[in-house]
**Q** 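Take this structure first; my questions come after.
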Amino acid sequence: ISVPTPIETTEEFLNLKNQDGYYVLTNNIDFKGGSIEPISGFTGHLDGAGHTISDFVVSGDKTVGLFSTLSEGYIGNLTLENYTLSSKQSGVLAGTISQTDGKQLTIENITLGEGTNNRNGTFLGGIASLVYQKGADCQLTVRDVRITGDNVASTDTAFYAGGIFSYVNQKEASTGSSIAISDVSIADLDESTPGGSDIDYPLEAETVGGVIGELISDADAEVRISNVTVDASVKLKSSKYGGAAIGCLWGTHARASVT
């Protein structure tokens, strides 16, 4: 990897649109409550270097997140907090992850703090709302994620909700395509208790899972979930599908391993 380009300001961060280089945050990025457009077309390497992106508002008619769509690259070592997302389909880091043949994306060492993830949305995810893999050798790795705020809850409109992804579709994925999720902690922390203690982290929808709301897959693709702690209240709105890890698993030969 080449020498990284430093990102110090909100303007420089928003200019990551359609970029594929190597970037590193050298400062916290505070949008001070301003509305921003989701960053589209980023396929590069972003190292947050332990910094925080905060106080941003993202809204729209389409799927939204800090990034609109991700397919390949790297995003890591980053905290997101004090955000507000407003759309029918929303994920805090990314609205959609969409991968085709050979695309590889790694998301690691991410902390999601307090924020509002669209109380009236229909697809609500912590890291991303929607995930699609099509073709062979798509690789999506999510590891070392901490969700410590009440940010994937909904009132009465959510169809799918998941602590990491609300909806994953591997129906058109083939040999070598996989999703690996590991070393994840999902819990709300009660700051009134010395040292903090886990309290109710609400996930509410018709189909809801602590990690993935709904997974549609087939025999040629795989999802691996390991070393995940979900200290949450998983609530079904209308007695449909729910689970501590995966709310609903569909597919003729769908497979997922949870350890």
Side-chain angles (χ1 to χ4, degrees), residues 65 70 75-76 80 89-97 99 105-113 115 117-118 121-133 138-154 158-171 173 177-189 198-217 221-237 240-251 254-259:
L70 295 172
I75 297 177
L80 305 179
Q89 302 167 345
S90 57
V92 182
L93 181 65
T96 300
I97 295 174
Q99 295 183 296
L105 172 65
T106 296
I107 297 168
E108 69 176 357
N109 194 18
I110 301 293
T111 298
L112 302 184
N117 186 359
N118 198 352
T122 54
F123 291 78
L124 306 178
I127 292 297
S129 176
L130 309 176
V131 177
Y132 297 96
Q133 287 187 326
C138 303
Q139 302 289 323
L140 173 57
T141 302
V142 178
R143 59 181 173 238
D144 195 12
V145 173
R146 296 156 302 283
I147 300 180
T148 61
D150 172 6
N151 53 42
V152 195
S154 179
F159 295 143
Y160 305 98
I164 300 298
F165 304 131
S166 69
Y167 176 85
V168 174
N169 190 326
Q170 293 177 308
K171 193 173 182 180
S177 291
S178 67
I179 298 171
I181 301 171
S182 63
D183 301 313
V184 173
S185 174
I186 300 174
D188 200 3
L189 298 181
D198 295 336
I199 61 172
D200 182 38
Y201 179 92
L203 289 163
E204 183 175 1
E206 290 187 2
T207 301
V208 55
V211 180
I212 297 173
E214 178 164 282
L215 168 62
I216 300 176
S217 188
E222 185 178 10
V223 172
R224 300 185 300 274
I225 300 173
S226 62
N227 195 25
V228 172
T229 299
V230 180
D231 195 344
S233 173
V234 177
K235 301 177 181 178
L236 299 178
K237 293 195 308 178
K240 292 204 173 180
Y241 307 103
I246 300 173
C248 185
L249 179 62
W250 286 98
R255 60 177 181 169
S257 63
V258 181
T259 58

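These values consider heavy atoms only, across backbone and side chains, with no hydrogens, waters or symmetry-generated copies.
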**Q** Within the 3.5 Å criterion, strictly below it, is a donor on Ser177 or Gln139 matched to an acceptor on the partner's side chain?
**A**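 Judged by distance alone, the side chains do not pair up.
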**Q** As an exercise, state the distance from CD1 of Ile212 to CD1 of Ile127, rounded to the nearest 0.5 Å.
**A** 12.0 Å
**Q** Under the rule for side chain to side chain donor-acceptor pair (under 3.5 Å), what residues qualify as partners of Gln133, not counting sequence neighbours?
**A** Gln99, Gln170
**Q** With rounding to the nearest 0.5 Å, note down the distance linking CG in Leu93 to CD1 in Ile107.
**A**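 Separation between the atoms: 5.0 Å.
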**Q** Decide yes or no on side-chain contact (heavy atoms from CB on, under 4.5 Å) for Lys171 and Ser217, but give the supporting numbers first.
**A** CA-CA 5 Å; Lys171 193 173 182 180; Ser217 188; over 6 Å; no
**Q** Quick one: list whatever passes side chain to side chain donor-acceptor pair (under 3.5 Å) with Asn169, sequence neighbours left out.
**A**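 Partners of Asn169 under the side chain to side chain donor-acceptor pair (under 3.5 Å) test: Tyr167.
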**Q** Check Ser166 against Leu130 and note the closest heavy-atom contact, atom names and distance.
**A**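 Between these two residues, the closest heavy atoms are OG-CD2, 4.2 Å.
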**Q** Within the 4.5 Å heavy-atom criterion, are Leu80 and Thr111 side-chain neighbours or not?
**A** no
**Q** Applying side-chain contact (heavy atoms from CB on, under 4.5 Å) to Phe165 and Val142, what does each step give before you reach the verdict?
**A** CA-CA 11 Å; Phe165 304 131; Val142 178; 3.8 Å; yes
**Q** OH/Tyr132 to OG1/Thr96 distance, rounded to the nearest 0.5 angstrom?
**A**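 Result: 7.0 Å between the selected atoms.
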**Q** Tell me whether Ser129 contacts the main-chain N or O of Phe123 through its side chain, where contact means a donor paired with an acceptor under 3.5 Å.
**A**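 Such a contact is found between Ser129 side chain and Phe123 backbone.
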**Q** What do the steps show when you test Ser182 against Asn227 for side-chain hydrogen bond (donor to acceptor under 3.5 Å, both in side chains), and what is the final call?
**A** CA-CA 6 Å; Ser182 63; Asn227 195 25; over 6 Å; no
**Q** Measure the CG-OG1 distance between Leu112 and Thr148 for me, rounded to the nearest 0.5 Å.
**A**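 Reported to 0.5 Å precision, the distance equals 7.5 Å.
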**Q** Go through the steps to decide whether Ile186 and Thr229 satisfy the test side-chain contact (heavy atoms from CB on, under 4.5 Å), and finish with yes or no.
**A** CA-CA 6 Å; Ile186 300 174; Thr229 299; over 6 Å; no
**Q** Does Ser185 have any side chain to side chain donor-acceptor pair (under 3.5 Å) partners at least two apart in sequence or in another chain, and if so, which?
**A** none
**Q** Decide yes or no on side-chain contact (heavy atoms from CB on, under 4.5 Å) for Leu124 and Ser90, but give the supporting numbers first.
**A** CA-CA 5 Å; Leu124 306 178; Ser90 57; 3.5 Å; yes
**Q** Taking the side chain as everything from C-beta on, heavy atoms only, tell me whether Val168 gets closer than 4.5 Å to Ile216.
**A** no
**Q** For residues Ile147 and Gly163, report the shortest heavy-atom separation together with the two atoms involved.
**A**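 The pair with the smallest heavy-atom distance is CD1-O, 3.0 Å.
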**Q** For Asp144, what residues pass the salt bridge (charged side-chain N to carboxylate O under 4.0 Å, His left out) criterion, not counting sequence neighbours?
**A** Arg146
**Q** Quick one: CD1 on Ile181 to CD1 on Ile225, what's the gap to the nearest 0.5 Å?
**A**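 It is 5.0 Å, given to the nearest 0.5 Å.
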**Q** For Ile75 and Ile110, work out which heavy atoms get closest and say how close.
**A**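 Taking every non-hydrogen atom into account, O-CD1, 4.2 Å.
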**Q** Just how far is it from atom CG of Leu70 to atom OG1 of Thr106, taken to the nearest 0.5 Å?
**A**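 With rounding to 0.5 Å, CG (Leu70) is 11.5 Å from OG1 (Thr106).
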